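Encoded as structure tokens, the structure appears first; notes follow it.
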Amino acid sequence: MQTEGILHSIETCGAVDGPGLRYIAFFQGCLMRCLYCHNRDSWPLQSDTSQIVTVAELMKEVMSYRFYLKASGGGVTASGGEPLLQYEFIGQWFAQCRAAGLNTCLDTNGYARFYDEKLDYLLDHTDLVMLDLKQIDPQRHKALVGVHVDKTLKFAQYLAERKQSVRVRLVVVPGYTDDDATAHLLGEFIAPMENVLEVELLPYHELGAHKWALFGDTYKLQGVLPPPAETLQRIQGILAQYGKKAFF
């Protein structure tokens, strides 16, 4: 049993990572290498700045915020990095959050390596999965993210089979995911998934670009500008053709 979790950081009053106000635990470690990653320092499975916590320690802090979390219709969110790398720990944490009456949200890229009772336990105690479908086309996904898309698509299908409530998230990156073909591929993929409640379009930004230099890496999207509202509206319209509501 994973008795400790490795955290990258904590946000105690998040407003964009799930409904209401959220206590967000960003977990350390990620196997994807997104060109636009704004948490470049979260990639290693452990770092000099990461924090090791037990479920009891994490719950003690969460409970100190429980009144405003509940009053806002919010709760807790596990993000990252990639939280599925620590899925056993998060399952234990979510179970205690649910027992305390707190809404739970899993913000994930879907890179699940194991399908077992521990994953099911986590999902059984998850109210909403926010699934980042970064690109459906295999070649373009690998160019943008550095790994194949198969694990993410398998996880999306698994959530559909479970009838798990999902909000799909798409980061709209000019030159990578802002074209009609990407929107149609996404629409075709999620159209039959009744568990997909909505699609959130996230405009690309380079707010985390400065972190790349700290690791001696080159930020390859330097100079790429956020997409205009017209682009988001166009993608929104295409997804509507597949019966999916999109917002930004």
Side-chain angles (χ1 to χ4, degrees), residues 2 4-18 22-53 58 76-87 89-90 93 105-113 129-152 155 167-178 182 200-227 248:
Q2 184 184 349
E4 295 179 329
I6 306 173
L7 298 182
H8 167 269
S9 56
I10 292 287
E11 185 176 346
T12 59
C13 190
V16 296
D17 292 294
R22 317 292 300 183
Y23 180 98
I24 308 168
F26 295 90
F27 285 82
Q28 189 72 33
C30 186
L31 299 178
M32 289 191 178
R33 298 293 182 259
C34 300
L35 296 183
Y36 53 80
C37 181
H38 61 275
N39 277 337
R40 167 63 184 85
D41 49 336
S42 72
W43 289 0
L45 295 177
Q46 195 162 356
S47 74
D48 294 338
T49 60
S50 58
Q51 177 186 0
I52 298 177
V53 297
L58 195 53
V76 303
T77 297
S79 187
E82 175 44 50
L84 286 181
L85 295 182
Q86 301 186 53
Y87 69 117
F89 177 86
I90 297 171
W93 178 43
C105 181
L106 179 68
D107 180 13
T108 176
N109 60 37
Y111 201 86
R113 296 178 297 167
V129 176
M130 294 193 299
L131 179 61
D132 295 320
L133 291 180
K134 302 172 188 292
Q135 174 60 263
I136 303 298
D137 179 83
Q139 291 184 337
R140 299 183 70 187
H141 185 275
K142 191 165 186 178
L144 179 64
V145 176
V147 300
H148 200 277
V149 71
D150 56 351
K151 280 187 167 56
T152 297
F155 187 69
R167 174 192 295 176
V168 167
R169 298 179 118 184
L170 172 69
V171 180
V172 181
V173 186
Y176 289 88
T177 61
D178 63 338
T182 291
E200 182 175 9
L201 304 177
L202 301 171
Y204 160 81
H205 63 73
E206 58 176 25
L207 295 181
H210 65 282
K211 295 182 180 180
W212 288 63
L214 298 176
F215 288 84
D217 294 336
T218 299
Y219 187 73
K220 296 181 179 180
L221 299 184
Q222 190 72 41
V224 175
L225 300 177
F248 54 89

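Values in this document were obtained by computation on a predicted structure and should not be read as measured data.
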Is it true that a side-chain atom of Thr77 and a backbone atom of Ile24 form a donor plus acceptor pair closer than 3.5 Å?
no
Check step by step if side chain to side chain contact (heavy atoms under 4.5 Å, CB included) holds for Val172 and Tyr204.
CA-CA 6 Å; Val172 181; Tyr204 160 81; 5.9 Å; no
For Cys105 against Gly18, the heavy-atom pair lying closest together:
SG-CA, 4.4 Å
Using every non-hydrogen atom in the two residues, find where Glu206 and Gly223 come nearest and quote the distance to one decimal.
OE1-N, 3.6 Å
Donor-acceptor under 3.5 Å (His148 side chain, Lys142 main chain)
no
Look up atom CD in Gln28 and atom CG in Leu45, then write down how far apart they are to the nearest 0.5 Å.
8.0 Å
For Lys211, side-chain contact (heavy atoms from CB on, under 4.5 Å) partners two or more places apart:
Asn39, Arg40, Asp41
Using only atom types and a distance under 3.5 Å, with no angle test, would you say the side chain of Gln86 pairs donor to acceptor with the backbone of Ile6?
yes
Taking all non-hydrogen atoms of both residues into account, name the closest pair between Leu201 and Phe248 and its distance.
O-CB, 3.3 Å
With side chains defined as the heavy atoms from C-beta onward, is the minimum distance between Leu84 and Phe155 less than 4.5 Å?
yes
Counting C-beta onward and ignoring hydrogens, is there a side-chain heavy-atom pair between Leu58 and Phe89 closer than 4.5 Å?
yes
Residues in ring-ring contact (aromatic ring centres under 6.0 Å, His included) contact with Trp212, at least two apart in sequence or another chain
Trp43, Tyr219
Hits for side-chain hydrogen bond (donor to acceptor under 3.5 Å, both in side chains) against Thr182, two or more places apart or cross-chain, chain-then-number order -> Gln135, Arg140, Asp179
Does any non-hydrogen side-chain atom of Pro83 lie less than 4.5 Å from one of Leu106?
yes
Donor-acceptor pair, side chain of Ser50 and main chain of Gln46, under 3.5 angstrom
no
Say you draw a straight line from NE2 of His141 to CG of Leu133; how long is it, rounded to the nearest 0.5 Å?
8.0 Å
Tell me, please, which residues at least two apart from Ser47 pass side-chain hydrogen bond (donor to acceptor under 3.5 Å, both in side chains).
Thr49
If every non-hydrogen atom of Gly80 is compared with every non-hydrogen atom of Ser42, which pair is closest and at what distance?
C-OG, 4.3 Å
Matching residue for Leu31 among Lys151, Glu82, Arg113 - test: side-chain contact (heavy atoms from CB on, under 4.5 Å):
Arg113
Under a 4.5 Å cut-off applied to non-hydrogen side-chain atoms, are Phe27 and Leu7 in contact?
yes
Among all residues two or more places apart in sequence or in another chain, which pass the side-chain contact (heavy atoms from CB on, under 4.5 Å) test with Leu202?
Arg169, Val171, Glu200
Any side-chain heavy-atom pair from Val76 and Trp93 closer than 4.5 angstrom?
yes
Roughly how far, to the nearest 0.5 Å, is the CD1 atom of Ile136 from the NZ atom of Lys134?
11.5 Å
Is the backbone N or O of Gly110 less than 3.5 Å from a side-chain atom of Thr108, with the two atoms forming a donor-acceptor pair by type?
yes
Under the side-chain hydrogen bond (donor to acceptor under 3.5 Å, both in side chains) test, residues paired with Asp132 that sit two or more places apart:
none
